[in-house]
Amino acid sequence: MSNDLSPKERMAIERVHMPELPADERSKNFEEVNQGLSPEQAVAEAQRCLQCKSRNCVAGCPVGVSIPEFIDALASDDMPRAAQVLRGDNALPAVCGRVCPQETQCEALCVRGKKGDAVAIGYLERYVADWAMQHPDELLADKIPEPTGKSVAVVGCGPAGLTAAGELARQGHKVTIFEALHDTGGVLRYGIPEFRLPKEIIDREVAVLSRMGVAIECNVIIGKTLTIPQLRSEFDAVFIANGAGLPTMLNIMGENLKGVYAANEFLTRVNLMEAGRRADSSTPILQRDEVAVIGGGNTAMDCVRTARRLGAKRAMIVYRRGEAEMPARVEEIKHAKEEGVEFIMLTAPVAIVATEDGWVSALRCQRMELGPADDSGRRRPQAIEGSEFDLPAGIVINAVGTSANPLLTATAPDLTLNKWGNIVTNDEGETSIPGVFAGGDIVRGGATVILAMGDGKRAAAAIDKYLKG
Amino acid sequence: MFEVVSNEILAENLHKMVLVAPRIARARKAGQFVMVRLAQSEERIPLTIGDADPEAGTITLFIQAIGASTRKIVDTPAGGSIRDVAGPLGKETHITNWGRVACVGGGVGTAVLFPLVKALAEAGNEITTIIGGRSSRYVILAEELGALSKNLLVTTEDGSLGSKGFVTGPLGEMIADPARAPKAVFAVGPVPMMKAVANMTREPGIETIVSLNPIMIDGTGMCGGCRVQVGSETKFACVDGPEFDAHLVDFDGLSDRLTSYRKEEAQRHAATDCKIAKEVAK
């Protein structure tokens, strides 16, 4: 395939459609929805890129992937080079290619999007990352770094921690990741369902880090098993990326009834503990015909689509604003709708109604209308008086968000926190303790995988500078 | 992997298991627990750390094998291993020298009570320990607790050991007697027992601490499954507890939430028993 095309010829190629499992089939199983591009589709899509000088897409990427370069290599069908460029900038490309909100980042800034459709950068990233996983023998050898003799402890094996670990290992530092749960990946494993991000992808990305010499110790809870002062005395630097933590409660009547889940519990049971996914899982999960999920983010979409797969006849999103205000990725909303998820918009929960024996029977709701914009720039929902109604539901899942987990910070009194309990850092990720850096949700509050990875990458650069300084 | 150093049977279905876990042994305080997962696809279950030896790098768990998961765990012999042990989790018990305290344990709660009694004894308290069970078979750790307590009282529902009745009987007598009334009460056991104790000590205003064991997944505050109403607040037993002021705990709510998976668990047990029966038949 020649990549010798005129801009006009490139402009003439239409944006590729991602092959998907049919909605009626996939809504009954946990297989990955997006099937990935064929080689022909990938090369043709890559050839849509005009290789423009402005490179806006790179500015839109929180980890600064050299997008035009990897796409150029792909357009020329030079897969080893495409993989080398991509892996050089991104420690978890197969993850990002699946879960990043490209439509608000790289693709939002693509010049082709000004008239027509942006280049499908996310699909291409996934294609190149998957190719690299399947063709380890064809990859160009990474330079083996000179060991620096310095050691870094990374707290948390989620996206921020894994990214920082990869970057630091590449600089020749000895990295040990401490993970509180019994398995790797953090939110990638316990939070994001298999149908969006197969667990095998996490295993393979983690294996790449292990081959680079990164050590991972599971079942170590920093703040409990060991403390930050202990890590600080044993390692030359520390990066804290222990995640978001505690679910935010709704503070409405009936929240402790049987059948009410926080999103983290529901997802952890199914994703990490394999409840409802494997016949031999020892962890139970409730299954009901009517499931109401409160919230409009990616976590809410993950919950509602999981509930559908567990057999819910009515799987419903209840969100107090409108669809345009939903923080979830466009693709997740589209997939959810195709799978038969109902979207009940401009509706807020008021109480959870119980049966006589303490089970959830309904979610009491109130209709909302949008008023003037609030601090977040979104129009503020206001209750419509007298609009209360009961939505029948056997399970209610609270997916409105999380707040900072105090386990780690409680045993590190020298760490400066903000009023919400998140760790305060400077622009480079350094905390109030010299040599201790932090990033991801413990700094930002609830955010995205890619922003956490951006923090990991920035902090790794700062740690490298600190260790060599 | 966490090596099993020893696994003794103390009573029917009650095992004392010693595990190599040096970091946990060093960090652990009375009242804390670990999350244990025997193997891939098994449950994570919270178990109280009964004792620890920081120098030997070991922790001791008292495990009553009553559910499918605990039965599998106690089947691990010395020299075998447990895949995942994470902790120590939860807050440590607030220990001070109250003077006279009563420690009340029912059934498997007695195992959770043991480290509290030990810490209270080390702080110089004069301890009356009251333990009970349905029958003598369910009364555990009597000898060990007796060695740490000034008085040890045993009750059984069928009268097969100690006095016939419930642990609340001897506790009520203590509270009523000004010469013996405790300054503080620690109670661990089935929810109705803890509720009954709380109701007895509320009126006389005796500080009462209970250790709760709600449904739990991660044990680090992340899932919110272990939430329990304490006064006007929703607390997470794993990070805010597991010990709470008994006079503020909503025991009825706790008790109800504990039944959430009764049907699912019964189905799983039936399936497991069926599988075992088939294997035996072969």
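Sequence lines set the chain letters: A, B, ... in the order given, protein chains first and strands last, and positions in each chain run from 1. Just so it is clear, the model here is predicted, and its values are computed rather than measured.
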Under 4.5 Å heavy-atom distance to chain B, tell me which part of A:Val220 shows up: side chain, backbone, both or neither.
-> side chain

Which atoms of A:Leu407 come close to chain B, meaning under 4.5 Å heavy atom to heavy atom: side chain ones, backbone ones, both, or neither?
-> side chain

May I ask you to name which of B:Thr234, B:Ile24, B:Thr220 has the most heavy-atom pairs under 4.5 Å with chain A?
-> B:Thr220

When every non-hydrogen atom of A:Leu246 is compared with those of B:Gly221, the smallest separation belongs to CD2-O, 3.0 Å

Relative to chain B, which segment of A:Leu181 carries a heavy atom at a distance below 4.5 Å: side chain, backbone, both, or neither?
-> both

Using the ring-ring contact (aromatic ring centres under 6.0 Å, His included) rule, collect all pairs that involve residues 20-77 of chain B, keeping only residues at least two apart or in two chains.
-> B:Phe62-B:Phe114

Does CD belonging to B:Gln40 count more than 12 external heavy atoms closer than 6.0 Å?
-> yes

Side chain / backbone / both / neither for B:Val85 at chain A, heavy atoms under 4.5 Å | backbone

Interface moiety of A:Asn405 toward chain B, non-hydrogen atoms closer than 4.5 Å | side chain

Evaluate the side-chain hydrogen bond (donor to acceptor under 3.5 Å, both in side chains) criterion for residues B:Arg227 and A:Asn256: first the C-alpha distance (whole Å), next the side-chain angles of each, then the deciding distance (0.1 Å), finally the verdict.
-> CA-CA 7 Å; B:Arg227 61 189 183 273; A:Asn256 294 337; 2.9 Å; yes

Indicate yes or no: at least one non-hydrogen side-chain atom of B:Arg26 is less than 4.5 angstrom from one of A:Gln230.
-> no

Proximal component of A:Asp357, with respect to chain B [non-hydrogen, under 4.5 Å] | backbone

Result for side chain to side chain donor-acceptor pair (under 3.5 Å) between A:Ser282 and one of B:Arg44, B:Glu42, B:Glu43, B:Arg37 points to B:Glu42

Those residues of residues 262-273 of chain A, ordered by number, that approach chain B below 4.5 Å (heavy atom to heavy atom) = A:Ala262, A:Asn264, A:Glu265, A:Thr268, A:Arg269, A:Met273

